[in-house]
Amino acid sequence: MGAALRRIQLGSALSAFGLGFTVPYLYVYVAQVRDLGAGTAGVVLAVFAMAALAVLPFTGRAIDRRGPLPVLVVASALASEGAAALGFASSVPAAVLAAAVLGAGTAVMQPALATMLVWCSSTATRTRAFAMQFFLQNLGLGLGGLVGGQLVDVDRPASFTMLFLIEAAMFVVLGVVVTTVRMPRTASLGGARPSGDAAAKGGGLRALLSHRAMVQLCVLGFVLFFACYGQFESGLAAYGTEAAGIQPSTLGFALAANTAVIVVAQFVVLRLVERRRRSRVIAAVGLIWAFAWIVAGYAGLGHGSQTMATAAFISTYALFGLGEAMLSPTVAPLVADLAPESMVGQYNSAFALCKQLALAVGPAVGGPMGASLHGPYIVTFVLFSLGITVLALRLGRRLTPVQDQPSLAAVPSRVVAVSLPEGADGAVSAGKTAVAPAPASAGH
């Protein structure tokens, strides 16, 4: 990695470390430590998620107009203020407002960081850049949760305040680190820029919606996050405790197994997938996750011993981690490679919005099913996982060879193939490519 990429990755890892400090303990902090009740804690968590849905529709255009760096600096400052305010929140209005500010700030960081990675990488290096970010973020979240758990004490509110202040400091460090990044000047991808009506006010959204490959990727992304991340701490956890008889403490081991697989397997998996077609890799993830749900079905619906059920349940989370390690070098870089140069921020924000919607809908649907409708719950998510495979294979037919398999562009070149939104340029139709100078890679 060049100097710019190294600093971006460092800042991203530190912010993940800060989030890991507090997110696992947010419910306990609001409900028990501040004695605001379980209802208020639920509202705080909902507001944290809904704030992201409120700001993401506007984030992409701001990134494309102002650049990702100033947007990220503002977002990190906002998140820092929200974290610090939560540390001192002792009333319902203060906790809800602080959660909204923290949720909005952290949501804006995601597409801003992704756009910076795009600007500081090329088609050939982007896969590894996003894999490294995913690896470091998971490592940061895991270490943050581990260290935070050793520091908190429910009987000492000051210990939680300290955690939130450390989180706030991590966001400040992120803002400071990225201000030292010298962003490369990206070459204009002439034909990829929306023109005419597509460039008019609101044309960015129209251009994105007319890009069928991107729309299909957003649908696929929603299903991916709905069937996996949207179930981790809601439906799957409820299913494990109710149907499989898993002890609540075992959920921590299951999540630890998930993180461990990601950390250990990420770069081994990267070597296996980076020279294969992205659509086929995503399709394979659907099959792996379908098997993971079948294993979960055995844990809760089988007739084995409690030890076997526990092992199967932990294995489910581990299999999900394997799939996540396969997705990190495929999905996020594909969003970047589909985006016209003038709309990278909007494409990243649109995909982040689909992810956030899935994370909001997933628990609402999966929670009640996992707690009471055990058989239908497993069948439903086996089918959703198989749907991932079908959607991925259909998406592959809309991608150019280089978009689907970036290793084809590994030979040093000054050109990059860019898929154009339909109607973005009258001279180029969807499914075809425009050839333009590739963005300069970071090396300053």
Side-chain angles (χ1 to χ4, degrees), residues 16 19-20 23-25 27-28 134-135 137-150 224-269 272 284-328 359 362-363 366-367 369-386 388:
L19 278 172
V23 170
Y25 315 108
Y27 182 91
V28 172
F134 186 73
F135 167 80
Q137 285 185 335
N138 275 276
L139 187 61
L141 284 169
L143 291 175
L146 180 64
V147 175
Q150 306 305 310
L224 282 168
F225 288 104
F226 178 78
C228 177
Y229 297 95
Q231 305 307 314
F232 269 9
E233 297 173 4
S234 57
L236 192 54
Y239 170 84
T241 54
E242 296 291 340
I246 302 299
Q247 295 297 317
S249 60
T250 304
L251 296 176
F253 289 106
L255 288 169
N258 174 266
T259 302
V261 168
I262 293 172
V263 171
V264 172
Q266 181 64 82
F267 294 103
V268 176
V269 169
L272 296 176
V285 170
L287 296 178
I288 291 172
W289 285 359
F291 178 67
W293 283 107
I294 292 173
V295 172
Y298 168 78
L301 306 176
H303 301 287
S305 66
Q306 186 60 48
T307 301
M308 292 296 293
T310 300
F313 190 74
I314 293 175
S315 297
T316 298
Y317 277 78
L319 286 168
F320 276 125
L322 178 60
E324 292 172 69
M326 294 169 66
L327 289 176
S328 64
L359 295 180
M369 288 187 68
S372 57
L373 303 174
H374 303 148
Y377 178 68
I378 295 298
V379 172
T380 296
F381 284 94
V382 168
L383 294 177
F384 265 101
S385 299
L386 294 176
I388 291 170

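The analysis underlying the following values was restricted to heavy atoms, covering all of them including side chains, and did not include hydrogens, waters or symmetry mates.
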F267: what forms a ring-ring contact (aromatic ring centres under 6.0 Å, His included) with it, not counting sequence neighbours? F135
Using side chain to side chain donor-acceptor pair (under 3.5 Å) as the criterion, list what pairs up with S385, not counting sequence neighbours. none
Verify, without hydrogens or angle tests, whether E242 (side chain) and G370 (backbone) share a donor-acceptor contact under 3.5 angstrom. no
With T259 via side chain to side chain contact (heavy atoms under 4.5 Å, CB included) - residues at least two apart: V263
Applying side-chain contact (heavy atoms from CB on, under 4.5 Å) to L322 and I262, what does each step give before you reach the verdict? CA-CA 6 Å; L322 178 60; I262 293 172; over 6 Å; no
Which residues pass the side chain to side chain contact (heavy atoms under 4.5 Å, CB included) test with A284, sequence neighbours left out? M326
Minimum heavy-atom distance I314-A257, with the two atoms named: CG2-CB, 3.7 Å
Where do I388 and A227 come nearest, in terms of heavy atoms and distance? CD1-CB, 4.4 Å
For T316, give me all partners under side chain to side chain contact (heavy atoms under 4.5 Å, CB included), at least two apart in sequence or on another chain. L236, A292, V295, A296, F320
Side chain to side chain donor-acceptor pair (under 3.5 Å) partners for N258, two or more places apart: E324
Residues that L143 engages under side chain to side chain contact (heavy atoms under 4.5 Å, CB included), provided they are two or more places apart: F17, L139
Where do G323 and W289 come nearest, in terms of heavy atoms and distance? CA-NE1, 3.5 Å
Residues in ring-ring contact (aromatic ring centres under 6.0 Å, His included) with Y377, at least two apart? Y239, W293, F381
Nearest non-hydrogen partners of Q231 and G362, listed with the distance: NE2-O, 3.3 Å
